[in-house]
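Worksheet: one structure, shown below.
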Amino acid sequence: MQWYTTGANGKAGARIRAAAGARFPRSTAREFSMSDAVVTRFAPSPTGFLHIGGARTALFNWLYARRFGGKMLLRIEDTDRERSTDAAISAIIDGMRWLGLDWEGEPIYQFARAARHAEAAHQMLAEGKAYKCFATQQELEAMREAARAEKRPPRYDGRWRDRSPQDVAAAEAAGLKPVVRLKAPQEGETVVEDRVQGRVVFPNKDLDDIVLLRSDGNPTYMLAVVVDDHDMGVTHVIRGDDHLTNAARQTHIYQAMGWRVPVMAHIPLIHGSDGAKLSKRHGALGVDAYRALGYLPAALRNYLVRLGWSAGDKEMFSTQEMIDAFDLPQIGRSPARFDFAKLENLNGHYMRASSDKDLLAALLDTLPHLEKGAALAAKLDDSMRAKLLAAMPGLKERAKTLVELLDGARFLYEERPLPLEPKAAETLANGGRAHLAALLPRLAALPEWTAAAAEAVVRAYSEETGAKLGSVAQPLRAALTGRTTSPGIFDVLQVLGRDESLARLKDQADA
RNA sequence: GCGACCUUCGUCUAUCGGUUAGGACGGCUGCCUUUCACGCAGCAAAGAGGGGUUCGACUCCCCUAGGUCGCGCCA
């Protein structure tokens, strides 16, 4: 057994970290030996999109299952009928697919299992491990009020815990609808052996008799989770540490049902850059937002895995490397702050490491999700694809996101006459046009249109006239791209091709 | 209010009693250079505070402070 109740002689709240080499509670190690296949689950409630914290939780569950040859299940916790939506369900599923996190079998819908949850509650009722409570909302509210006034923790006072069958019968005869409450231990303490948090001890007096079944007969989250995790054969519960106290309460349910408690791993939540709870402003966006921001799934995975988890100094992890290195002991216990700058840096690495072909595919696939993607989508044909591919080496090292990549590629699909950015216009106005006019015939005379050939001509011109290369290259850039920054200008000439290049140069030389 | 958890450079982290406290992002210098990037080289930057234990503490214990989470017939 992993949980047990001791006399109230232990120090409340004490957490003893397992010594090195014995980090896993012995009992756990024995119960989940190598012969037990690991089963993890990701259990989001579909009341909103898949946010970044949820995505990391899913990733950790997925990695752990992969690492130990097990499987991850997906359970949609839709018991809150008011707030659960189909849109949220598809957003979650879509988000996981995009992130490359798959799960075993069909998603399990918790609400569909309500009858089974109720059955468990009735079993506990029959065995005297739970009881009917007829306290009204008003009474409960009064209890909380009183507790607050006396500066006591708000707690159910157990007024129906030991009522006589007659009292219960009378209340039922009066037409009152009871909730079913767990008869939780009141003495001693409950221990959660957590693989991340260590051994966490809760005095039972602080954990009250939780509601199992609502007065309408529907199960509560607390019951549903335990019954589902048990029935689904979940061996490892990896979730946010906001559930840590729930783990103690849920332990009581496992205890009452006589079920084995799964291995618990409560991972710290992700905070915003100011240390406060993650809000939209901080990056608590749905994963779809990260897609729209132009991040690559592999980069986001890499970023997320290093948030709260580490393997020495290693920063970059391929998916396989992550799987091979991932384990619970290396998860830290302090909350991490979300940092867009690092994500962006990582994304840049992944973009540069991608083959031109793959990156083009990623860009094209993401186009529908990018704010300004339509402009390129409208121009997309084989010739445009070829240009994008040819320009990719120069483009990708100048972009940290697909959004920047798209922006950098704009000169490829913009129509003549090109709009000029102010600085580009300035470059042309300050003597740039003269260089263009001089260069135009030389370029036009080129027998073959390549970057190298163009470079030779421009360099020769620069030497002959004594003009610095930069003072010639910048006007070219301005005329060809409308900007003052771009990939190498000779590559631009080559990618654009002879006709388009000469036309753009002429546009500006004549202006 | 009660309880739990957390606290190493600005950020993510390494360290598992003995290190000039390491790496990465970001910042700053410089190199490269047709622009911007990329790349390369270098610099600055940390153990919340206070007590213990110990020959020795970032590391173990206690207290304080700050932060986060939880305390629903929400999940």
Side-chain angles (χ1 to χ4, degrees), chain A residues 12-13 15 17 19-21 43-45 47 77-80 82-84 110 133 135 137 140 144 147-155 177-181 192 197-198 200-203 205-208 210-216 218 220-222 224-225 240-246 248-249 266 268-269 271 273 275-277 303 306-316 332-339 341-346 348 352 394-400 408 423 427 455 458-459 462 468-474 476-478 481 483-490:
Chain A
R15 176 188 42 72
R17 233 186 146 168
S45 58
T47 53
E77 309 217 317
D78 56 349
T79 54
D80 185 340
E82 300 286 297
R83 298 194 297 152
S84 296
Q110 191 161 58
C133 167
Q137 295 287 3
L140 262 17
R144 282 191 277 268
R148 205 173 310 135
E150 293 170 45
K151 302 198 172 188
R152 282 185 295 106
R155 207 122 296 164
K177 295 282 184 217
V179 298
V180 173
R181 282 184 187 271
V192 175
Q197 304 291 336
V200 188
V201 180
F202 297 88
K205 65 175 173 55
D206 294 335
L207 273 12
D208 56 2
I210 51 171
V211 173
L212 265 15
L213 241 36
R214 302 186 176 101
S215 51
D216 63 4
N218 280 318
T220 59
Y221 158 81
M222 211 63 83
V225 166
D241 71 3
D242 48 337
H243 286 289
L244 189 56
T245 28
N246 288 339
R249 296 179 224 280
H266 288 89
L269 268 15
H271 288 176
S273 51
K277 184 179 178 162
Y303 177 70
R306 283 286 292 100
L307 219 47
W309 174 86
S310 60
D313 284 343
K314 196 170 165 59
E315 296 282 351
M316 303 286 289
R333 289 192 310 230
S334 53
R337 300 182 187 201
F338 193 89
D339 180 15
K342 188 144 184 173
L343 205 211
E344 213 164 85
N345 170 275
L346 229 27
R352 273 173 264 127
L395 253 20
K396 71 182 178 187
E397 70 179 23
R398 290 171 173 77
K400 290 199 170 79
K423 279 184 179 170
T427 300
E455 178 163 5
V458 174
R459 283 192 187 275
S462 157
K468 289 180 75 177
L469 188 54
S471 68
V472 182
Q474 279 306 83
L476 279 173
R477 191 182 320 279
T481 71
R483 300 178 161 189
T484 52
T485 67
S486 79
I489 199 60
F490 306 116

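Residue numbers begin at 1 in each chain, while the letters A, B, ... track the order of the sequences. For clarity, every value in this text was computed on a predicted model and none was experimentally measured.
If you take OH of A:Y303 and C1' of B:U13, they are 12 Å apart, rounded to a whole angstrom. Rounded to an integer number of Å, the gap from A:R352 CZ to B:C40 C1' is 14 Å. If you measure from atom NZ of A:K205 to atom P of B:G3, you get 7 Å, rounded to the nearest angstrom. Between the CZ atom of A:R333 and the P atom of B:C58 there is a distance of 19 Å, given to the nearest Å. In this structure, A:W309 places its CH2 atom 22 Å from P of B:U11, rounding to the nearest Å.
Taking only side-chain nitrogens and oxygens, A:R144 never comes nearer than 4.0 Å to OP1 or OP2 of B:G1.
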Check your understanding: When every nucleotide of nucleotides 32-37 of chain B is labelled 5' to 3' by its protein contacts under 4.0 Å (heavy atoms), B for base, S for sugar-phosphate only, - for none, what sequence of letters results?
Key -> --BBBB
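Nucleotide B:A24 has B:U11 as its partner under the Watson-Crick or G-U criteria, with both atom distances under 3.5 Å. Across all strands shown, B:U34 remains unpaired; no Watson-Crick or G-U wobble contact has both distances below 3.5 Å. Judged by Watson-Crick or G-U wobble contacts below 3.5 Å, the nucleotide B:G70 has B:C2 as its partner.
Within the nucleic acid shown, A:S310 comes within 4.0 Å of sugar-phosphate atoms alone, with no base atom in reach, counting heavy atoms only. Nucleic acid contact for A:T79: sugar-phosphate only, since backbone atoms but no base atoms lie under 4.0 Å from a heavy atom of the residue. A:R83 comes within contact range of at least one nucleobase, with a heavy-atom separation under 4.0 Å. Nucleic acid contact for A:Q137: base, since at least one base atom lies under 4.0 Å from a heavy atom of the residue. Among the heavy atoms of the strands lying under 4.0 Å from A:V211 are primed sugar atoms or P, OP1, OP2 only; no base atom is included. Across all strands, A:A478 comes closer than 4.0 Å to no nucleic acid atom at all (heavy-atom distances).
No hydrogens or angles were tested; on distance alone, nothing pairs the side chain of A:T220 with the base of B:C73 as donor and acceptor under 3.5 Å.
Counting only heavy atoms from C-beta on, A:Q197 has its side chain closest to B:C5 among B:A75, B:C12, B:C5.
Between A:V192 and A:Q197 the shortest side-chain heavy-atom distance does not fall below 4.5 Å.
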Atom pairs, N/O to N/O, protein against nucleotides 21-24 of chain B, distance under 3.5 Å?
from, atom 1, to, atom 2, distance (Å)
B:G22, N2, A:D313, OD1, 2.8
B:G23, N2, A:E315, OE2, 2.7
B:A24, O4', A:E315, OE2, 3.3
B:A24, N3, A:K342, NZ, 3.0

Below 3.5 Å between N/O atoms, which protein atoms pair up with nucleotides 67-71 of chain B? Just atom names and distances, please.
from, atom 1, to, atom 2, distance (Å)
B:U68, O2', A:H271, NE2, 3.1
B:G70, O2', A:T245, OG1, 3.0
B:C71, O2', A:P154, O, 3.2
B:C71, O2', A:R155, NH2, 3.2

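Every residue meeting the side-chain contact (heavy atoms from CB on, under 4.5 Å) condition with A:T481, not counting sequence neighbours, appears here in chain and number order: A:F411, A:R477, A:R483, A:S486, A:V492. Contacts of A:S310 classified as side-chain contact (heavy atoms from CB on, under 4.5 Å), with partners at least two apart in sequence or in another chain: A:R306. Remark: A:Y221 pairs with A:H243 by the ring-ring contact (aromatic ring centres under 6.0 Å, His included) rule, at least two apart or across chains.
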